[in-house]
Undergrad: 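Structure below; questions to follow.
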Amino acid sequence: MTQSIKRIAINTGGGDAPGLNAVIRATVLAALNHGWECFGIYDSYSGLLEPERYPDGGLMPLTREAVRGITHVGGTILGTTNRGNPLKYPTLGADGQLYEADRSDEVIAAFKQHRLDALIAIGGDGSLAIAHALDQKGLRVIGVPKTIDNDLDQTVITFGFDTAVSFATECLDRLHSTAEAHDRVMVVEVMGRYAGWIALNTGVSGTADAILIPEIPYDITIVANKVIERVKRGRDFSIIVVAEGARPQDGAHSVLEKQVGRAERLGGIGEKVTAELHEVTGKETRTVVLGHLLRGGTPTTFDRLIALRFGAAAVRALAQGELGKMVALDPPTVRYVPLAQATSRMKSVPLDCDTILTARELGITFGD
Ligand code: F6P
């Protein structure tokens, strides 16, 4: 099996996360040790499906020089997109409307045409599900889990998460002083999709007064009571961390936009909570949406190391014939999990996890 691998492709899919370039570098350097040639597919699968839009016919030659000095650099040198699912590729119909078309067979054909023997797909749940579908069609695939949201089951953690939480916590530290100076309530909305990991870890580390997460639907009066109770204790300001996927007990999560060929965009819950808290407490209240700032910048040491370990492990898995698997962190080691299992369910925050218990013991409310 392994003798037949000569050329491999690497791609990055979905939203970017700090550490992607470190994975690319580790993958390439480890692959070169096997004598494999490496190519990066531009923008997830778009380089293969729309080669005319890209340099080098859609495939970036990944030589030792091409990956030099990128370990600490945010973003991805290959580009990425969350609109490039080849199973639901946004395609213009004769009527001028956008439709979702299954173009996965064209991806398989392009691999043959370019004599690419395997794919290392770096991505979140959506990208790993695509990788699984391509594996089912006979492509040799290894998945590398990526997301700042940390919502992938089967891996203890994903790279990007630590960077996002570290930055968000620093923001909370900064907001404390201005909130206190103005006697204000600051509502800080963070990313995380349908999981509350970023909000929870940031809120506890940054000593928030309330943390609202998708896993625990909130009652705004309970949050408002927390703010009022603090005022009575002479604490005239409060910090509320809200996950973008948080929802009230009697409502749904806030959606900004739905579009063909992509997941719904969440957002707006911060403003909603701000307006309601102002109305109930009468206090001056402001919203800060950290949004894409959480995805930018240099990966922390922790994320770099996981990313490098994942990249090297992906090549090890391929060399050992562990096909159709995702590399997963299982301290102190990495293991390989079948892609089907890796993508079967989302990792939510367990309601009885010790970080939730800790938060409650510190007096932080979840609005429940
Ligand atoms: O999954 C990563 C993530 O950053 C989510 O936290 C967020 O909901 C989403 O991507 C935003 O994606 P976009 O790049 O489309 O704004």
Side-chain angles (χ1 to χ4, degrees), residues 11-20 23 43-44 46 74-76 78-85 88-90 98 100 121-131 143-153 155 157-169 171 188-203 211-215 241-247 252-272 287-297 299-300 303 306-307 326 342-343 345-349:
N11 72 352
T12 50
D16 68 329
L20 282 172
V23 180
D43 285 350
S44 188
S46 302
T76 158
L78 300 176
T80 186
T81 174
N82 43 22
R83 322 183 65 168
N85 181 349
K88 294 180 179 178
Y89 207 74
L98 270 185
E100 294 178 348
I122 314 165
D125 53 350
S127 307
L128 293 169
I130 297 164
V144 175
K146 162 249 54 163
T147 168
I148 65 162
D149 304 337
N150 193 35
D151 60 353
L152 283 173
D153 197 31
T155 183
I157 213 160
T158 45
F159 63 87
F161 176 66
D162 184 62
T163 309
V165 170
S166 301
F167 178 72
T169 302
C171 292
V188 188
E189 182 183 308
V190 295
M191 282 187 169
R193 286 216 153 262
Y194 310 107
W197 294 105
I198 297 179
L200 176 64
N201 285 20
T202 299
I211 305 173
L212 309 183
I213 59 174
E215 292 85 348
V241 176
V242 185
E244 64 178 358
R247 61 191 166 93
H253 51 252
S254 300
V255 176
L256 278 182
E257 187 183 26
K258 288 186 193 225
Q259 274 184 12
V260 172
R262 60 178 293 171
E264 63 184 7
R265 278 182 65 211
L266 299 179
I269 190 70
E271 283 292 356
K272 187 174 149 66
T287 320
V288 177
V289 179
L290 294 181
H292 296 83
L293 288 167
L294 301 184
R295 295 213 316 232
T300 58
D303 281 341
I306 302 179
M326 179 190 85
T343 54
R345 68 181 194 126
M346 190 187 92
K347 182 172 70 186
S348 303
V349 175

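Positions are given from 1, in the same order as the sequence printed here. Computation of the quantities below employed the complete heavy-atom set of this structure, encompassing side-chain atoms and omitting hydrogens, waters and symmetry-equivalent molecules. Every number for a ligand or one of its atoms is a count from 1 in the order of the listing. All figures in this text were calculated on a predicted structure; none of them were measured in a lab.
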Undergrad: Would you call the rings of Trp197 and Phe161 parallel, tilted or perpendicular, where under 30° means parallel and over 60° means perpendicular?
TA: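 The rings of Trp197 and Phe161 stand perpendicular, inter-plane angle above 60°.
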
Undergrad: For atom 6 (O) of ligand 1, what's the nearest protein heavy-atom neighbour? Residue, atom name and distance, please.
TA: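 Ranked first by proximity to atom 6 (O) of ligand 1 is Asp149 OD1, 2.7 Å.
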
Undergrad: May I ask you to list the atoms of ligand 1 that are less than 4.0 angstrom from any heavy atom of Gly192?
TA: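 What qualifies from ligand 1 is 6 (O).
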
Undergrad: In this structure, which one of Thr155, Thr343, Val144 forms a side chain to side chain contact (heavy atoms under 4.5 Å, CB included) with Met326?
TA: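 With Met326 as partner, Thr155, Thr343, Val144 yield a single side chain to side chain contact (heavy atoms under 4.5 Å, CB included), made by Thr155.
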
Undergrad: Taking the non-hydrogen atoms of Gly124, is any one of them nearer than 4.0 angstrom to ligand 1?
TA: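 In this structure, Gly124 fails to qualify as a contact of ligand 1 - no heavy atom is under 4.0 Å.
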
Undergrad: What protein heavy atom is closest to atom 16 (O) of ligand 1, reported as residue, atom name and distance in Å?
TA: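 Here the closest protein heavy atom is His292 NE2, 2.7 Å.
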
Undergrad: Glu215 side chain to Gly196 main-chain N or O, any donor-acceptor pair under 3.5 Å?
TA: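 Checking the backbone N and O of Gly196 against the side chain of Glu215, a donor-acceptor pair under 3.5 Å is found.
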
Undergrad: Can you report which non-hydrogen protein atom sits closest to atom 9 (C) of ligand 1, along with the distance?
TA: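 Among all protein heavy atoms, the one nearest atom 9 (C) of ligand 1 is Arg295 NH1, 3.8 Å.
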
Undergrad: Report the nearest protein non-hydrogen atom to atom 7 (C) of ligand 1: residue, atom name, distance rounded to 0.1 Å.
TA: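 The protein heavy atom lying closest is Glu244 OE2, 3.3 Å.
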
Undergrad: Donor-acceptor pair, distance only, cut-off 3.5 Å: does the side chain of Lys146 make one with the backbone of Gly19?
TA: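 No.
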
Undergrad: Quick check against the 3.5 Å criterion: does Asp303 have a side-chain atom that pairs as donor or acceptor with the backbone of Phe159?
TA: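 Absent.
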
Undergrad: So, regarding Gly15 and ligand 1 (criterion: nitrogen or oxygen to nitrogen or oxygen, under 3.5 Å), is there a contact or not?
TA: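 N/O-N/O distance below 3.5 Å does not exist for this pair.
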
Undergrad: Under a 4.0 angstrom heavy-atom cut-off, which atoms of ligand 1 come close to Asn82?
TA: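 By the 4.0 Å cutoff, the relevant atoms are 12 (O), 13 (P), 14 (O), 15 (O).
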
Undergrad: Please check if the side chain of Thr158 supplies one atom and the backbone of Thr147 the other of a donor-acceptor pair under 3.5 Å.
TA: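 Here the side-chain-to-backbone pair exists.
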
